Amino acid sequence: MTLADLQNVISKPAWSKDVVVWAGNAGPLASALEGIACLELDLLDLMHENGSSEKRADDLAAGLDEWLRTARQQQLGRVVLVVRNAALLARYRVGLRSFYDWFGGARTMVVLHVERVSPIVIPESTTESIRYDADRIVDYLRPLLAGPDRVFAEVS
Amino acid sequence: MSLELKELGRIVQPKPTEPDTTPSLRDALTRPLETVESYYVTAALRAIVREVLDTAVHRKGQGYWIRAEYGAGKTHFIATLTLLLTNRDQTVWRALHSDEIRRDYAGPLQKTKLYPVTFSLMGTGEADASDSLMRRFEKEISTGLPKELQGKVSVLSEELAVEWFENQAGSRIKELIAGHIKSEHRTSPAELRAKEGARRLGAEILEAVRAERIDIDLKGSFRERFAHIYDRITKAGGYDGMLFVIDEFRSWQDRHEGKPSFEEGVQILETLAYYLPVEENLNIVTIVASQGDCPQKLVGSGRGDRFIVRELLSGKEQTDYGEIVSFRVRDIQQDRDIEIDEYFTHCRDKFRFLRQTPKEYFRAIFPFQPRCFDILRRVTQSYERYGLPAARSGIHIAYETLRNDGLMTSRRLAVLSDLLASKTLTAGLRSEQFRSSFESYQYAIETLDMLPMDEEERDAARRIIGTLYLWSVVSGDSGRGLTLNELAEATLASLEGVKPEDAVLDLVTRLKSDVPQIKYDRERGARFEITETDGKKPERVFGTFKKKAKTDPEAQNKAWRDSLFWDFKALEGAGSEEGFEGGFFDGYCDRDARGEVVLPRTTPVKATPSALRVQYGGEVLVADRWQSTWGEYWTNHPEVHFRIVYLTRRADVNRDDLRDARIAVCMPAEPSEDTRENLAEYVACNLMLAHYNDKDYPGEATMRDWAKTRRRAAISAVLKNQIEEFRRGTVITQKELGLPASQFFMTPSKVRGKREEALAAQLLEKAYDRPLFTPKDFKKDFTDNDARKVFHGLFAKAQSTADVSARDNFAPGLGLVAKNNLSQFAPQAGSAVLYIQEKVKPAGDVALMDLVKELCQPPYGLTEEIIRLAVLCAVRAGTPPLVIADLNPSANFVLTTGREPSGKRITSRVVGQIEWSAKLERALLGARVKISDEKPFNEVLPYAQIIDPDLSAAHTPDEEVARNNELCRRLESLLGEVDAAHGDLSKLAAALGGKVDDATTEVLARLRVIAASEDYQGFHAVAKENYATPELFRSAYQLLERARRFNARRSQLQLDKSYLTAAAQLGDNELAFERDGLSQELQFDALWKDESKLPALLERFQLWKERYSLAYRKAHRTQHEAMEKLEHALGGLNDQLTIIDRLNQLGLGTPLEPRLSQDITAMRSKVHPCALKDNAQVEDNPRCGACNWDGQTAPPQETVEQLIQRANDAAGELCKRVAQETIRKILEASGKPDIKTLLDMITASKVRDLARLLTPEMIQQIRALLAAANIEHRDLAVTNLLEGLTSLEEAHIDDFLQKLRKRLFKAFDEAKKETRGKKRIRFFLK
């Protein structure tokens, strides 16, 4: 799905538990959201430095849930929540449940922004042992969405 | 519709806020009241709710599979169900819109207590990536445990592992696991738990048992695990069952379909819905909501067998959807049943559609025509196929329909075509699949709008088109339309006095002929058929807009006015070949917030007439109509030399209004036919573009492109028309100069941006016919900046090349130099300089502004800059002597010396110190040009030489400048000297007990004012004002010198004074007398009055100081010799102190002199002699620096003697206690020789020996002996014994003794009691 498809979803008068992934740069996303009230959440702001990976995952999940629950109570009106650094959801395997619980509505929509990963060349000497998976983040998120058509990517 | 029907808005109102149609389970459960209150229980839903609630009431576990399409309300349903099953709050039950359910279940369910586990599987993602359903269940149960159950119920594997480890594992296994944890984490299990929690410990135990291959009981099967959890929760929490509610199961199904994990999920649900409730009889109710079908394995055959499948909005119940939607979007006002019934009766009688519709249903969906929901349901059921909104969107569509303007004020039901007011619906209809049909519908409406109809007919026709269009979208059979009756019912179309179907026939027949999309024949009915847009040529469409534009002169006039101000962007590239970059007045307007041109607007411009060679400022004024005030003089704006007034349209201008010859008024002719045609073309293009906008006609880009191309051509034509109209127009001037418009208004390539310049040149060359300069002698055009350069070129000490060049180019033309000597300033005849000199000479005082106003006018033609230059030159010339006075102080103008010009005046002398800057120009605002009244320097010399005897007379202007500079430097230093002298003198006066008298203070203040003068003129004026003659000024200056002399001795005088004050009292009357005398004479007031006393006084002080020093040192030595003796005497009391200390330890009565030792130590420190006893130094300070002896304090002889006495007395008294008969006998009985020696010494009072003998060991021995004798020594106060016995006569001696005896016995009895009779008591009477 492309930016134009995403614009179609965004421009719908009423949303329907729309939690979507935007895999691309911030510029086109910003243009797609022009004129729409937006709320931003950078997941890095919810991360704590200390603790094991499991602890950080638990903290992120709890912090995210609390943030969304609080935002939900604020009666924001028609608004799109743009989640920066959504790759952290995959990194810590936190899932998307909190978004559906608190922010997937008729007047609220979530765009998970996953920065486009630039392709890199793996040295030939290491291709046997290293595999570069540029789609790993999106592959994790895709099955957690309402449908595979909820992933929108920038066409280069 | 009949007038007696009430307006809809008086019966119903849309909900105040748009209904929430997408609740999440979690969110809905946090708002129980809102969730239950907004749920509408239809008859079909009621049956399902009853079924589930029955299960709970009868405590029979059961599984329910709630299936429904996307957006059909599953979440709202299961959330409401969960709240009814678990929430005992009566307000929640009262909010339920079903009396029947409330009546039958509110009470019974109060007696049940189900433990709820509720969660949605949408978006779940496990941290360990396993996405196990069992793990999800565990987590949900664990995290949802109420506080009272936390720690009591183990749910997670980790928790079970900890429970097993602590309660079931044997000691050897515990050691093994502890060893494993120790090796991994260097800590014990207990420490790990305390530090990182039970779950972490559990994880480590699981890791350890895996590594050590130990079998543990983790309730491995689902059945065991859930049974275990059920058992713990129900017992610990007092629950009688569990309720599992899982939403969005389809989400999990989709992720796991075809994988082993899917089978695991099925097993779990089977465990919950079958094995546990049926085989183990556990009260577990499981509700799963899913878009998907229930897996075949889980479908039960009926109650008591796996899952009972129930479907929401299945289609069997036709009326549910309308009822739910209506309930969610509107509120019926109180007591409006009659009004609704009137609608019902009206519609039933007039239209057929209600004959099969129950009144209850009509009420439930009021104010919607029932067919609305048939269509809505079809639309939303097809959402996936068509990309149309889902079922829940029906609520939004209905809500938006009710909110549409007009419906609530109407007196008819909402019909199908009203739904097209919904943005949600139209957004769906604009989607790719329906775009062409929707656009076709829009064309049909546009066509309708152009048909001649009255509003009632048009409204009905609009409904017919909308209804037929929607029918065409949802109808499976595109060939079948609606009958006239169906159409009449669906649209509620009626015309007064005509049957509805006849009215519809009439309208359909008319539409059929005018609106190509509408078709009708008796066989197939009325239809909406999509017409292709290809046939719609832009040219044909444009004709409509052009026709409208041609008949709208107002729009053309507005376009004309706007076109004059087009900027480059507005041209869209049009006219570029002809060199157009904007409209005729581009750059000459302001725009308001809406982008509209705001007139009149004045813009400053410049022009350099070739005959004058000076650049002049002027203004271009653009306006819609003429104002006579624009023809008046503007003397207050000398920078404006011409005014060109442009009018946007033709106007009547009276030439007599033009008072100034430098004004030209330009206006266009009336627009020609050609111009009108091109303007109409432009307007029509805009109309077409506005109509076919991107939002309403996203598919009509071609139409827009065509219109834009056409508009560019129109723009190009209008640009040419602008030139033509102004060429045909008029240029009006005061002197009838006969300026032909065609000469000035030409195409851009010919004018080259000099249109206004050419006009201005014509005006100014005629107006400035006697300029005070010679243009032909200018080597270049003179601009404002050149005045500054010429000035610097003539007078600055450091000139740049540009300055010199400007001087050479312009100074001869300005008459500032002779043509044969360009570097020598020499005003020439006919120049502005001489004109100004001649102007000021008779008047004596002329405002600079008046000169500007006069000379910037015709016929002189000077600019402000040239006048400033000329005035400065006139001052510099010196004949007559002129000054520029009253400089504006706020300009902060300073000379190149850094100082402000003295007296805010620019004199001939300082012209060379001026740098022409913006500050100078500001300083000249309000300034005046006057004949100078300055004095020559030599007149000031008698005063000046008093403060600087080296100053000499000045014989030339340059010498005058030099002397002035020397004087200024001296004044600057004098200012500092006066301030310092005054400050220091005040400090000295305070130190010597006086203050500076008023006369001195005044003199110093006057000197300060004089010293603050900025040049010799100011100095002279101020000095003379304060001191009428130089002699008086000299005596004032001498006072300053006296102050400086005093201040030079300030430190010494302060030291001497303080020496006298702090000198010791040595008992030498002569010394004291002389000191008092000196101190009295060393007073500021007296010395300041008679400075001559000072040397003698200081000499006397030195003599006194020598004698005092000797006397103090002698007395100091005597004092400390005496102290030394006392210290020695106190040192001799050590033996006594030893005896007192040791014997007090024996406990023979109250200790004596317990603080004596401290007192003696303290006194010894006081009588310690001064370290400088023989060498006291009193040169700088009058007392010994070590002991600060004051000469009066005597040694504490008496106190020391008292201490000696106290020591001897106490030692003697304590020896007596030991020597008393009883004690003595006890000690002697010991037979120890050293004890006997001791007693002898005590008897003989051999203090020194006794002290040596009374070692701590000896004291211990004696204490032991006394303890063995079992004697308790106590004090008995004699005063207590004799209390109350205040007098005695001989006859009462026996009574007295009797009482005394009793008291003594009583004292002994009490002492015995306290010692429990174990000791002999011995009192020391005190």
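Convention: sequence-line order gives letters A, B, ...; per-chain numbering from 1. Predicted model only: the values in this text are computed from it and were never measured.
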Between B:Asp20, B:Asp247, B:Leu121, B:Asp27, the one whose heavy-atom pairs under 4.5 Å with chain A are most numerous: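 Result: the option with the highest number of such pairs is B:Asp27.
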Using heavy-atom distances under 4.5 Å, tell me whether [X] contacts chain A through its side chain, its backbone, both, or neither.
| X | result |
| --- | --- |
| B:Pro19 | neither |
| B:Arg31 | side chain |
| B:Ser422 | neither |
| B:Asp254 | neither |
| B:Thr17 | neither |

For [X], which atoms come within 4.5 Å of any heavy atom of chain B: side chain, backbone, both, or neither?
| X | value |
| --- | --- |
| A:Ala146 | both |
| A:Asp65 | side chain |
| A:Arg72 | side chain |

Between [X] and [Y], does at least one N-O distance fall below 4.0 Å, as a salt bridge requires?
| X | Y | answer |
| --- | --- | --- |
| B:Glu18 | B:Arg392 | no |
| A:Lys17 | B:Glu248 | yes |
| B:Arg200 | A:Asp58 | no |

Geometric class of the B:Phe249/B:Trp252 ring pair [parallel <30°, tilted 30-60°, perpendicular >60°]: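 Correct class here is tilted.
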Ring pair (Phe, Tyr, Trp, His ring centres under 6.0 Å), paired with B:Phe327, selected from B:Tyr321, B:Tyr39, B:Tyr40: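 Among the candidates, only B:Tyr40 passes.
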side-chain hydrogen bond (donor to acceptor under 3.5 Å, both in side chains) involving B:Ser24 - partner list, sequence neighbours excluded: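 Checked B:Ser24 against side-chain hydrogen bond (donor to acceptor under 3.5 Å, both in side chains); zero matches.
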Qualifying residue for side-chain contact (heavy atoms from CB on, under 4.5 Å) with A:Pro28, from A:Leu3, A:Leu6, A:Leu33: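 Output: one option passes, namely A:Leu3.
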